[in-house]
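The structure under discussion appears below in the form of structure tokens.
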Amino acid sequence: MVESDPTAEYIVTLLSTTDLPNQPSLKARGLAWRLLSASEVLLGAAIVIGHNVFRVVPNEVTILFVLGLVSVRVRDGGWSAIGFKRPESWLRLILIALVAAVLRIVLGDFVIEPLAGHWWPPIHAPAGTEHIAGNIKIALLWLLIIWTFAAFGEEISYRGYLTLRAADVGGRSTVAFWLATLLVSVLFGYGHYYKGPAGILDSSVAGFILGAAYLLTGRNLWAPVLAHGFIDTVGVIVGFFGWEG
């Protein structure tokens, strides 16, 4: 009788699943899990639209931030599921974040805004940014907001929480995560509704780039957090020195 090889059996089992490493299988989750996740995504979408479009809900980032942390802690057993973990290489992660930031800035400034300007009004900047020019105190205040509310708050809410729950519906397969990233990118665009139609498109593209950085680093949330911070920091520097076109 030929004895089975435990190592070979493990490799076969590993290759037979479409889930990402350290994630429960789709069978273990079941229909109830996916329906609950779908309901969370719908609730999240309602919160985003309710605040940014209809102004009937308080700021969505604060709400989604709290909901996301509670949901992931209760349903996934720990906040590591959001993606805050030590990368295999900090250098690689930072390089991906920098590439994502450069790509977002270049596409926004030289492709999306010029093309969108043929059909829609110019993108509206966030209220208060007009006071950054030459004012070091206001610039530093905006940097604080960027690296807390925007970089951490928005990335935990959109990339860490909503993307995870949207991917649940598809069993957290690779395809499910990319489709979830596309869906959440659109929501992210409407999260910047105040910028106007061109701004919604611009922010949607930004959201997809940030989401791609998240996925390409093995769902490490430090990548989009850093990329988001880099992008907005450049915006503050440009505004402070008056380098806008």
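Starting from 1, each residue takes its place in the sequence as its number.
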If you look at every heavy atom in [X] and [Y], which pair is closest and at what distance?
X	Y	value
Gly207	Ser185	C-OG, 3.3 Å
Thr217	Ala213	OG1-O, 2.8 Å
Leu221	Glu155	CD1-O, 3.7 Å
Leu216	Ile96	O-CD1, 4.3 Å
Pro114	Gly108	CD-O, 4.2 Å
Ala166	Val41	N-CG2, 3.4 Å

> Using links of under 4.5 Å between side-chain heavy atoms of ILVMFWY residues, direct or through other members, which residues join Val205 in one cluster?
Replying inline: Leu103, Leu107, Val111, Ile112, Leu115, Trp119, Trp120, Leu201, Ile209
>> To the closest 0.5 Å, what do you measure between CG (Leu210) and CD1 (Ile231)?
In response: 5.0 Å
> For the atom pair CG (Leu187) and OG (Ser203), what is the distance rounded to the nearest 0.5 Å?
Replying inline: 12.5 Å
> Which pairs pass salt bridge (charged side-chain N to carboxylate O under 4.0 Å, His left out) with one or both residues in residues 185-202, sequence neighbours excluded?
Replying inline: Arg104-Asp202
>> Regarding Thr163 and Arg219, do their side chains bring together a donor and an acceptor under 3.5 Å, going by distance alone?
In response: no
> Going by distance alone, is a donor N or O of one side chain under 3.5 Å from an acceptor N or O of the other, for Glu40 and Tyr161?
Replying inline: yes
Does [X] reach the main-chain N or O of [Y] with its side chain, forming a donor-acceptor pair under 3.5 Å?
X	Y	value
Ser71	Gly68	no
Arg75	Trp33	yes
Asn59	His51	no

For residues [X] and [Y]: do they belong to one hydrophobic cluster (side chain heavy atoms under 4.5 Å, members Ile, Leu, Val, Met, Phe, Trp, Tyr)?
X	Y	result
Val225	Leu91	no
Phe208	Leu183	no
Trp243	Ile132	yes
Phe110	Leu98	no
Leu179	Leu215	no

Is the number of heavy atoms from other residues, nucleotides or ligands under 6.0 Å of [X] [atom1] greater than 12?
X	atom1	result
Glu130	CD	yes
Tyr190	OH	no
Trp79	CH2	no

>> Check whether Tyr193 forms a cation-pi arrangement with Arg55 (NZ or CZ under 6.0 Å from the six-membered ring centre, at most 45° off the ring normal).
In response: no
If you define the side chain from C-beta out and look only at heavy atoms, does anything of [X] sit under 4.5 Å from [Y]?
X	Y	answer
Phe230	Val102	no
Ile146	His228	no
Val48	Tyr158	yes

> Can you name the side chain to side chain donor-acceptor pair (under 3.5 Å) partners of Trp147, sequence neighbours left out?
Replying inline: Thr233
> Do Phe152 and Trp222 make the cut of ring centroids closer than 6.0 angstrom?
Replying inline: yes
> Passes side-chain contact (heavy atoms from CB on, under 4.5 Å), Glu113 versus Asp109? Steps please.
Replying inline: CA-CA 6 Å; Glu113 287 193 52; Asp109 290 350; 3.6 Å; yes
